Number of protein chains: 2
Amino acid sequence: MKKKERQKIIIDEVSINRKVSSSFLSEKLDVSEDTIRRDIHELHGKGLLTKVHGGAISTIQKLYHYNEDLIYNRENKIRIAQKAISLIRDSMVIIMSGGTTNLMLAKLFPKDLKATIYTYSLPIAMQLTEHPLIETIFIGGKIHRNSMVTTGIDVIQYLSNIRADFCFMGVSGISIEQGITDEGYEVSLIKKAMINSSDHIVYLATSNKLNLRHRYDVCNLNEIDMVLTNLDSTDPALKDYLKAGLNLL
Amino acid sequence: MKKKERQKIIIDEVSINRKVSSSFLSEKLDVSEDTIRRDIHELHGKGLLTKVHGGAISTIQKLYHYNEDLIYNRENKIRIAQKAISLIRDSMVIIMSGGTTNLMLAKLFPKDLKATIYTYSLPIAMQLTEHPLIETIFIGGKIHRNSMVTTGIDVIQYLSNIRADFCFMGVSGISIEQGITDEGYEVSLIKKAMINSSDHIVYLATSNKLNLRHRYDVCNLNEIDMVLTNLDSTDPALKDYLKAGLNLL
DNA sequence: TAAAAATATGCAAATTTTTGCAGTATTTAG
DNA sequence: CTAAATACTGCAAAAATTTGCATATTTTTA
């Protein structure tokens, strides 16, 4: 019996019976207990079941899984996320815009972080369900298919009624002359609303987003409290931003 | 070079350059063009890039992927979803509650279906982003971690302002005496609100949900327009439901 | 506490998957 | 239309992964 088939049967058994022993599975599947043990170890690593002494118990099944390997510029995004995490304290209220840097941040939040997070991004909301102490509020609206965020007047209205400590903003582009800009008109209005509802604006940018300008203005440089990039804050590429008075980390 | 590593490099190249030729990749990675062709074929099958003549072009990256193999009772859910699809027409307004049967339905909607769909479920919303002609409206609120749906007064209020043709309701339990019931108080209120906002209530139930009762009432049998199960409507297990005057398919 | 059961580790053998090649079929460009 | 480039199929060899076993270690049970 091939490994994949076998592991599917293990998942089904655990789903039906809640707890299953390695010896039972070994007999049922006609393989050694060692093989079952390995399978259980692997499935546990994927979060599909929980390994216990002598067997396995079922886990709430998450059908959607996040493939981190696919993130472009992943190491840089991890670096940025780690800088962002150093700003966060328990009991904060945070707004997160979309994008993969924010998604990486959501993933890397400490598992014991206690916070309230507002977001309009489906992937980020899904990722936040893995954090037991985070209260996630999803801002509803019409789904924009490609970016998997909500749009529309509902989103802007909702944002205008909340007050957050921090807004972590990503995706768009930043330049000295224009500040933060975005490709879409509606998204730019939503981001403006996020900024208006937050005490501190932290812009997350991989270095390829620096000096990039889009069609719609979101805010000026002087409205941003801090920019977090994968570069060291002494990097020559950031010289002009420092000179413009921006806080870098 | 191992296959996984190689495929990651292919994805990165396509992301950077938008279009890449098989011969370029073959040289760069020092493998035969046949191997590249196979890789591209496999990555195309996973939706990670688009195969074109002589190479590949990039696809919008979806980082969250749906593992259909993990759905318990999958074949039964497909059967139910197919029955549900036979009820749907273009330009309908539909409310979908949570659960894996509804998720399967979302997946199996025709790719050319034109409809407006309201949902409070993160996985279902994500699945609906694969349907180019479906307008998905996500009902915001506080995320309930395990079931990945939104909860709270916001959801109920939002629902009270819309009017849908159909509500496809799943998960809970159904019995002759109590009708539809649910495990959670708040979810039961939300489901009541879904029912109040819909012209037709269609309950989706795998046979193991029949004669199952939970703590909180959602609605009586006589409020349900139709029940779709994996069983044939002449099945003995459904006799009492037919006698109670229920429509079955 | 001692004995039994479960787990972890290393390894060779077994199994499965991948690869390049040769030949054939299809598509593209001139 | 023809020639060149690309794609597909089948296959044997190579590579990668999996498996059961033996042994040592750890955990659980009585």
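As the structure is a computational prediction, the values presented were derived from the model and not from experiment. Just so it is clear: chains get the letters A, B, ... in the order the sequence lines come, proteins before strands, and each one is counted from 1.
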* Specify the separation, in whole Å, of atom CD1 of A:I40 and atom P of D:dT19. => 13 Å
* **Approximate separation, where rounding is to 0.5 Å, of A:L48 CG and A:I40 CD1** => 12.5 Å
* Please collect all side-chain hydrogen bond (donor to acceptor under 3.5 Å, both in side chains) contacts where either partner lies in residues 43-54 of chain A, sequence neighbours excluded, each pair once. => A:T50-A:T59
* Which of these nucleotides, C:dC21, C:dC11, D:dA7, is closest to any side-chain atom of B:S22? -> D:dA7
* Structure fact -> B:H41 atom NE2 is separated from D:dA7 atom C1', nearest whole Å, by 11 Å
* **Euclidean distance, atom CZ of residue A:R38 to atom C1' of C:dA14 [Å, nearest integer]** => 13 Å
* **Length of the CZ-C1' vector between A:R37 and D:dT26, whole Å** => 12 Å
* **Close approaches to DNA chain D from residues 1-20 of chain A, in residue order (heavy atom, under 4.0 Å)** => A:K3, A:R6
* In whole Å, what is the span from the CG atom of A:D34 to the C1' atom of D:dA24? -> 13 Å
* Asked: Rounding to a whole Å, what distance do you find between A:I36:CD1 and C:dT7:C1'?
  -> 15 Å
* To do: Just jot down the side chain to side chain contact (heavy atoms under 4.5 Å, CB included) partners of A:E135, sequence neighbours excluded, or say none.
  => A:T116, A:I137, B:K142
* Roughly how many Å is it from CD in B:E33 to C1' in C:dT27, rounded to a whole number? -> 15 Å
* Asked: To the nearest angstrom, how far is B:K51 atom NZ from C:dT26 atom C1'?
  -> 13 Å
* **Residue whose closest nucleotide on DNA chain C lies nearer the 5' end, A:G54 versus B:E42** => A:G54
* According to the interplanar angle, ranging from 0 to 90°, do the rings of B:Y64 and A:Y64 count as parallel (below 30°), tilted (30 to 60°) or perpendicular (above 60°)? -> tilted
* **Carboxylate-amine/guanidinium contact B:D12 B:K8, below 4.0 Å** => yes
* Decide side chain to side chain contact (heavy atoms under 4.5 Å, CB included) for B:I36 and B:F24; before the verdict, give the C-alpha distance in whole Å, the side-chain angles of both, and the deciding distance to 0.1 Å. => CA-CA 10 Å; B:I36 296 297; B:F24 169 79; over 6 Å; no
